[in-house]
Trainee: 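What follows is a single structure, and I will ask about it in a moment.
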Protein chains: 2
Amino acid sequence: MRPKEGNGLSREPRRVTSFDVARAAGVSRAAVSRAFTPDASVSEKTRQKVYQAAKELGYRVNYLARSLTNKRSDFVGLVAAGLDNPYRTQQLEHLARALIARNYRPILLPTSKEADSATVIGQLLHYSVSGVIVTSDAPPSHIFEECAVEGVPIVLINKGEDFPFVDRVVSDDRMSGYTAVDHLIETGAKRLAVIAGKAVSYSSRRRAEAFQSRCTGLGIEAPLIPVAINDYRHGHEAAEKLLDMGIDGVFSVNDYMACGVLDGLAKAGRGDGSVKVIGHDDIPQASWIAYELTTFQQPCDVQAEQVIDLLTSRMSEPDAVARVEFTPVTLIKRRSA
Amino acid sequence: MRPKEGNGLSREPRRVTSFDVARAAGVSRAAVSRAFTPDASVSEKTRQKVYQAAKELGYRVNYLARSLTNKRSDFVGLVAAGLDNPYRTQQLEHLARALIARNYRPILLPTSKEADSATVIGQLLHYSVSGVIVTSDAPPSHIFEECAVEGVPIVLINKGEDFPFVDRVVSDDRMSGYTAVDHLIETGAKRLAVIAGKAVSYSSRRRAEAFQSRCTGLGIEAPLIPVAINDYRHGHEAAEKLLDMGIDGVFSVNDYMACGVLDGLAKAGRGDGSVKVIGHDDIPQASWIAYELTTFQQPCDVQAEQVIDLLTSRMSEPDAVARVEFTPVTLIKRRSA
DNA sequence: CTGTTAGCGCCTTCAA
DNA sequence: TTGAAGGCGCTAACAG
């Protein structure tokens, strides 16, 4: 059955096509195509004949060829950055699973300096992707236009840019900012502060703003402790400043950084709970015994569903007005506050 | 310039093809194709004409159509599981970046009960993938044959199955097992043990075996403390047993679980360093102040390169004998041992 | 170096 | 419901 050249297991991937199946089943190629197309018009009888022949020959529909005629592939770009933050990983995994569950194939595109999101999305446009999901820094707006022109939906997660045809899913940052203040005060904290990356992320900024705005409303002062990046190391460094300033209640805009804050406090001999800490995201480490971090759960599964809903509805209605979905947050109380 | 129906920004993705570019540039479609094919035979002059026209029209090569003729796409399947373990995330990110750097597109496929690796790899075969990288549980062997038939290279990471045409990259588990013993003894531990998932992972098992074999060689006893899964929770639970058994030096086959062990010890009031702990992988958390875990670094970047080397060399030599590459490990000494 | 000619594997009208 | 025919966008093989 193998091609030629009897070197044991010669290659030359002799692929079987719909033509082969058609011949074997005694039907036309169109019939084969229909048999493998959901709700196409085929009799059960031919369908079975086709399936039978297909199985015997080891036939698989070539989805790439299919997308050529369909003008749309099953691929969805997943543009991500900061995967060292465990929350990002969770998001990624949930998105990937949710996509696969709906028969999409996620193309993973980690961003960095060399490969920024714009370049990367540009690349995606070569594959007739069904959509693009962005968790990294928001790309420059010109890329949105390109996508719009090619009819490729984009969904941004926790980003701020308001742009025609670009949908977004954002977590309820005002809620977390406000609640953080209230809870810190409830636990007895007097001198509050918030740690957040300087203009690094939309959600980060919004949480910090909400926190401060709530404080202002209550007539208390609450400085922003700026850091370069919202990560463990910078959280750790911020802990010192915190102590210098006499803060006893702090909101770290994500857990990843909050872990650093807690460790920094512990290192300075203040791991006794005298400084209350609230994080955000409820990453696995937040419930680890070393931290037991009070935090806001931001359910990735819900978020993923929201994202995909936006994606699919935009596919059917490309010209719809841009929408924003809010992911609810829930305060999880633990030892740290 | 837009199609019809003047509803402001009407859609109907009017894609521009090589035909359009050819016409605009006054050349043939083949010329256009060549202009976009690395080291194809085109004069600089036509190439420029083509680029010019392409830019004006906003042309992009349709890679899907290209793969149709090439019979091979740029896609590489990334089959992964256990992404809650931060080391897995690191692997994933490095693999993805390494692939993209070489102009492959990683398709992310997280596995689980519903979507086991076999099913998932089967799906991939519809896309003429250039290869498959497996970090999850090894798939059943029949899938290897299917891939071999279709000429799709597979590389397994830290898996044991020895199968024709299937290459593997494995970390130097014997080395870590041996070194763990020696280092624990050096730091003064007397009663050793190793914690490992029961038949859950190849590397896990191999590390444990090496550990015990070294102990036997030194004439000391070293029980295996079995757990269901090598994760934080089970590490935490294992800590109790450890103390019951009077162990004072333990090798946890991965860091993720080791963090649980350390937390379990701390919770039992034995976070004083009286029980030495060594982990494996050097995940970010291992260097967090709460843990300062002595561990083995297993460089993801090296591993990723090894994987891709195997992948690409098998593409050119599909019938080569299966190879195994070893990833070196390095002991990183920290507070925990 | 360039254009022409055939497909790659599939899907979608269109008649029957 | 079925088959025939044409085309999706691109590239490889072959002249010139």
Side-chain angles (χ1 to χ4, degrees), chain A residues 12-51 53-54 57-75 124-130 150-152, chain B residues 12-51 53-54 57-75 125-130 150-151:
Chain A
E12 190 67 23
R14 198 62 262 88
R15 270 218 174 52
V16 12
T17 81
S18 72
F19 181 82
D20 304 314
V21 178
R23 193 157 35 100
V27 297
S28 73
R29 303 173 62 205
V32 177
S33 170
R34 291 188 186 110
F36 286 102
T37 304
D39 27 73
S41 175
V42 217
S43 72
E44 193 52 33
K45 193 162 133 262
T46 34
R47 181 186 295 267
Q48 289 311 329
K49 273 195 298 187
V50 170
Y51 282 179
L57 298 179
Y59 169 75
R60 297 177 199 278
V61 178
N62 182 333
Y63 289 160
L64 260 28
R66 174 178 278 182
S67 347
L68 197 55
T69 25
N70 290 349
K71 273 137 160 29
R72 172 156 287 176
S73 70
D74 307 334
F75 297 112
L124 280 176
L125 263 17
H126 291 259
Y127 297 93
S128 311
V129 291
S130 291
E150 313 237 357
V152 174
Chain B
E12 189 69 21
R14 218 326 359 70
R15 268 213 176 55
V16 12
T17 81
S18 71
F19 181 83
D20 304 315
V21 178
R23 190 156 36 97
V27 297
S28 73
R29 303 174 63 207
V32 177
S33 171
R34 292 191 186 105
F36 286 102
T37 304
D39 22 77
S41 174
V42 218
S43 71
E44 193 52 32
K45 192 160 135 266
T46 31
R47 182 186 295 269
Q48 289 311 329
K49 272 195 299 187
V50 170
Y51 282 177
L57 297 179
Y59 169 74
R60 298 178 198 278
V61 178
N62 183 333
Y63 289 159
L64 260 27
R66 174 179 279 182
S67 346
L68 198 55
T69 27
N70 290 348
K71 272 137 160 27
R72 171 156 289 175
S73 72
D74 307 333
F75 298 112
L125 263 17
H126 290 261
Y127 296 93
S128 311
V129 291
S130 290
E150 312 237 358

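In this text, all values refer to a predicted model and were calculated from it rather than measured experimentally.
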Trainee: Provide the start and end nucleotides, 5' to 3', of the part of DNA chain D that has atoms under 4.0 Å from heavy atoms of chain A.
Mentor: D:dT1 to D:dG9
Trainee: Drop me the distance from A:R66's CZ to A:D74's CG, to the nearest 0.5 angstrom.
Mentor: 8.0 Å
Trainee: Would you mind reading off the distance between A:R15 atom CZ and C:dG9 atom P, rounded to a whole angstrom?
Mentor: 8 Å
Trainee: How long is the span from the CZ atom in B:R34 to the OG atom in B:S18, to the nearest 0.5 Å?
Mentor: 12.0 Å
Trainee: What pairs with A:T17 under side chain to side chain contact (heavy atoms under 4.5 Å, CB included), at least two apart in sequence or on another chain?
Mentor: A:F19, A:D20
Trainee: Considering the terminal five base pairs at each end of the helix from C:dC1-D:dG16 to C:dA16-D:dT1, what angle separates the two local helix axes, rounded to 10°?
Mentor: 30°
Trainee: For C:dC8, take OP1 and OP2 only and decide whether either is under 4.0 Å from a side-chain N or O of A:T17.
Mentor: no
Trainee: Look at the aromatic rings of A:Y63 and B:Y127 and report parallel, tilted or perpendicular, splitting at 30° and 60°.
Mentor: perpendicular
Trainee: Quick check: closest heavy atoms across A:A35 and A:R47, and the distance to 0.1 Å?
Mentor: O-NH1, 3.1 Å
Trainee: Take B:N70 and A:K71, find for each the nucleotide of DNA chain D with the closest heavy atom, and name the residue whose nucleotide sits nearer the 5' end.
Mentor: A:K71
Trainee: Would you say the side-chain atoms of B:S67 pair up with the backbone N or O of B:N70, donor to acceptor, closer than 3.5 Å?
Mentor: no
Trainee: Can you name the residues that form a ring-ring contact (aromatic ring centres under 6.0 Å, His included) with B:Y59, not counting sequence neighbours?
Mentor: B:F36
Trainee: Indicate whether OP1 or OP2 belonging to C:dG9 is found under 4.0 Å from a side-chain N or O atom of A:S18.
Mentor: no
Trainee: If you look at every heavy atom in A:S128 and B:R15, which pair is closest and at what distance?
Mentor: CA-NH2, 4.1 Å
Trainee: When you measure from the side-chain N and O atoms of B:T46 to the phosphate of C:dT2, is any distance below 4.0 Å, counting only OP1 and OP2?
Mentor: yes
Trainee: Decide yes or no on side-chain contact (heavy atoms from CB on, under 4.5 Å) for B:L68 and A:N62, but give the supporting numbers first.
Mentor: CA-CA 9 Å; B:L68 198 55; A:N62 182 333; 4.0 Å; yes
Trainee: Give me the atom names and distance for the closest heavy-atom approach of A:V21 to A:A54.
Mentor: CG1-N, 4.0 Å
Trainee: Give the residues of residues 59-66 of chain B touching DNA chain C, defined as any heavy atom closer than 4.0 Å, sorted by residue number.
Mentor: none
Trainee: Looking at B:A24 and B:A53, what are the two nearest heavy atoms and their distance?
Mentor: CB-CB, 3.9 Å
Trainee: Please give, in whole Å, the distance from C:dG3 P to B:R23 CZ?
Mentor: 15 Å
Trainee: Rounded to whole Å, how long is the line connecting atom CG of A:L68 with atom C1' of C:dT12?
Mentor: 13 Å
Trainee: Is there a residue in residues 25-40 of chain A whose heavy atoms reach under 4.0 Å of DNA chain C, and which residues are they?
Mentor: A:R29, A:A30, A:S33, A:R34
Trainee: Rounded to the nearest 0.5 Å, how far apart are CD of A:E150 and NZ of A:K71?
Mentor: 11.5 Å
Trainee: How long is the span from the NE2 atom in B:H126 to the OG atom in B:S73, to the nearest 0.5 Å?
Mentor: 13.5 Å
